[in-house]
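In what follows, a structure is listed as structure tokens, so that the remarks can point back to it.
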Amino acid sequence: MSRTQSEQHLTPLERRAAGALATVFGLRMLGLFLIMPVIAIYGRAYPDYTPLLIGLAIGAYGLTQAALQIPAGLLSDRIGRRPVIIGGLLIFAAGSMIAATADTLTGVVIGRALQGCGAIAAAILALAADVSRESQRPKVMATIGMFIGLSFALALVLGPLLAASIGLSGIFWFTAVSALLGILVLQLAVPRVQVHAAKGEVLPATNQLQALLKHPQLLRLNSGVFVLHALLTAFFIVIPEQLVAAGLAVEDHAWLYLPTLLLSFALMLPMLIRAERKRQQPLFFRVAILLLALAVVANAFFAAHWLLVAGVIVLFFTGFNFLEATLPSSLTRFAPAGNKGSASGLYATFQFLGAFVGGAFGGWLQQEFGTIGVGIFALLLLLCWFMITVGMQPPPQRASVSFKLAPLDQQRADLLLENLAAQTGVTEVHVVAAEQVVYLKVDKSTYNEDQVKLVLAPYQA
């Protein structure tokens with residue numbers, strides 16, 4: 001007995017997976033972002049303070065993340081997503097503890113760099129793709145993206161409040177605990193599924209990695225996330241000091257961030273929905289880039305007033321949150337089957353390298369040329385990104401179908417995976433034992449449903 005799975009709603013498993021993985025990713029990103037709204041101010045208390053070191057403290061995690069994302073993505077293809085994620089969260093907790101006990105800003109930079117060695121972004125995105133159907137994957141990825149956005153918002157509200165009560169050291173201890181909590185969520189809430197992409201999801205050869213890097217649509221997404229996170233780290237080198245210069249006490253920054261970020265989410269959601277329904281992702285990418293450019297111009301070239309800064313934050317995060325939600329969704333749909341971990345690793349490498357470059361260059365430019373220098377740097381990046389979007393295409397759409405199964409033991413499940421993956425037109429197979437169902441991603445132009453039914457017959461009640 002077979003049925004075509006409705007493509008309008010997430011299954012219970014997909015909802016649970018999306019919520020749990022979004023929580024794990026959100027907790028980790030919360031730990032990375034909590035210092036952003038306060039380090040530029042509280043970092044002045046360290047004896048070796050310079051704006052450059054502030055920028056490095058914000059973005060140092062990006063350099064080590066960039067170095068390890070591809071190895072971690074490949075490793076997750078070989079040994080599984082969960083071991084990579086758990087190991088990364090433990091390393092992240094260790095880096096948080098080092099930063100918490102540091103008595104110099106240089107020590108904080110070292111701790112932040114070790115935090116970045118817990119490179120789990122690629123493994124989480126790949127696991128999210130593993131447990132979701134093609135038709136519903138944009139919703140799962142958007143959920144993760146929106147939780148990242150929410151983690152920004154929560155960090156901007158909690159950061160000033162926590163720093164005022166427990167200091168930077170206390171914030172780092174808080175992030176260590178949040179990493180351990182992420183492990184608990186992963187183990188208890190993320191479903192365990194068997195996954196097998198057609199042709200095998202194996203360690204790619206060097207020429208396969210090069211092909212992913214040169215893929216024209218993936219290259220656009222990778223370049224975009226580089227620019228996006230370079231802007232983010234550069235943004236928070238200057239914004240906290242501008243708020244203080246405008247007469248707003250650090251502990252009051254939270255109450256400005258909260259309403260402005262909520263407004264930015266409200267403005268972003270209609271963009272997200274329309275872009276997906278109308279398949280107008282390239283158009284809305286450009287709209288979001290223009291919003292970021294307006295925020296940069298207003299921030300760099302006009303006098304600092306708290307109302308103006310509030311408007312800048314709304315513009316910036318409307319564009320940022322849209323892009324942060326849609327970039328990974330597009331990535332998983334453009335990535336070739338069997339190479340999700342590697343494609344996600346490349347994507348996350350660009351993302352975190354951008355965070356490092358934005359922090360390092362932004363800190364140096366702030367030190368040498370002030371806010372205008374940082375603004376010109378940001379505008380040049382945005383101009384390059386806007387030009388790269390020329391030729392961008394909407395993500396491809398494939399069909400997803402599902403079939404009910406009888407209870408299977410491990411041996412029969414493995415044999416079914418192999419048999420289905422060998423069928424013409426079947427590009428990916430997901431067996432979910434808990435639901436007694438198999439999900440297929442298929443190329444409708446070559447998919448032979450009658451042949452698939454023959455393969456499934458011995459495994460159905």
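When reading the values below, keep in mind they use all heavy atoms of this one structure, side chains included, and skip hydrogens, waters and symmetry mates.
Side chain of Arg28 to main chain of Gly118: a donor-acceptor pair is present (N/O by atom type, distance under 3.5 Å, no hydrogens or angles). In this structure, Thr233 contributes its side chain and Ala230 its backbone to a donor-acceptor pair below 3.5 Å. With hydrogens and angles disregarded, a donor-acceptor distance shorter than 3.5 Å links the side chain of Ser169 to the backbone of Ala100. At least one donor-acceptor pair under 3.5 Å links the side chain of Asn222 to the backbone N or O of Leu218. Checking side-chain atoms of Gln351 against main-chain N and O of Val225 turns up no donor-acceptor pair under 3.5 Å. With hydrogens and angles ignored, the 3.5 Å screen pairs no side-chain donor or acceptor of Arg112 with any backbone N or O of Leu56. In this structure, the side chain of Arg286 does not engage the main chain of Phe386 through any donor-acceptor pair within 3.5 Å.
Phe235 pairs in a side chain to side chain contact (heavy atoms under 4.5 Å, CB included) with only one of the listed residues (Val312, Ile58, Val296), which is Val312.
Between Phe322 and Phe284, the ring-plane angle classifies as tilted under the 30° and 60° cut-offs.
Residue Phe361 qualifies as open at atom CZ: its count of foreign heavy atoms under 6.0 Å is 12 or below.
A distance of 12.0 Å separates CD1 in Ile39 from CG in Leu34, rounded to the nearest 0.5 Å. Note that CG of Leu219 is 9.5 Å distant from CD of Gln217, once rounded to the nearest 0.5 Å. The distance from atom CG of Leu228 to atom CG of Leu292, rounded to the nearest 0.5 Å, is 6.5 Å. A distance of 11.0 Å separates CG of Leu27 from OG1 of Thr175, quoted to the nearest 0.5 Å. The distance from atom CG of Leu186 to atom CG of Leu127, rounded to the nearest 0.5 Å, is 7.0 Å. Going from atom CE of Met97 over to atom CG of Leu114 covers 10.5 Å, rounded to the nearest 0.5 Å.
The distance between the ring centers of His229 and Phe320 falls below 6.0 angstrom. For an aromatic pair to be called close, the ring centres must be under 6.0 Å apart, and Phe147 with Phe25 fails this.
Residue pairs satisfying the ring-ring contact (aromatic ring centres under 6.0 Å, His included) criterion with at least one member in residues 53-75, sequence neighbours excluded, are listed as follows: Tyr61-Phe352.
Considering only heavy atoms from C-beta on, Ile120 stays 4.5 Å or farther from Phe92 through its side chain. Pro83 is not listed as a side-chain neighbour of Ile86, based on a closest heavy-atom distance of 4.5 Å or more.
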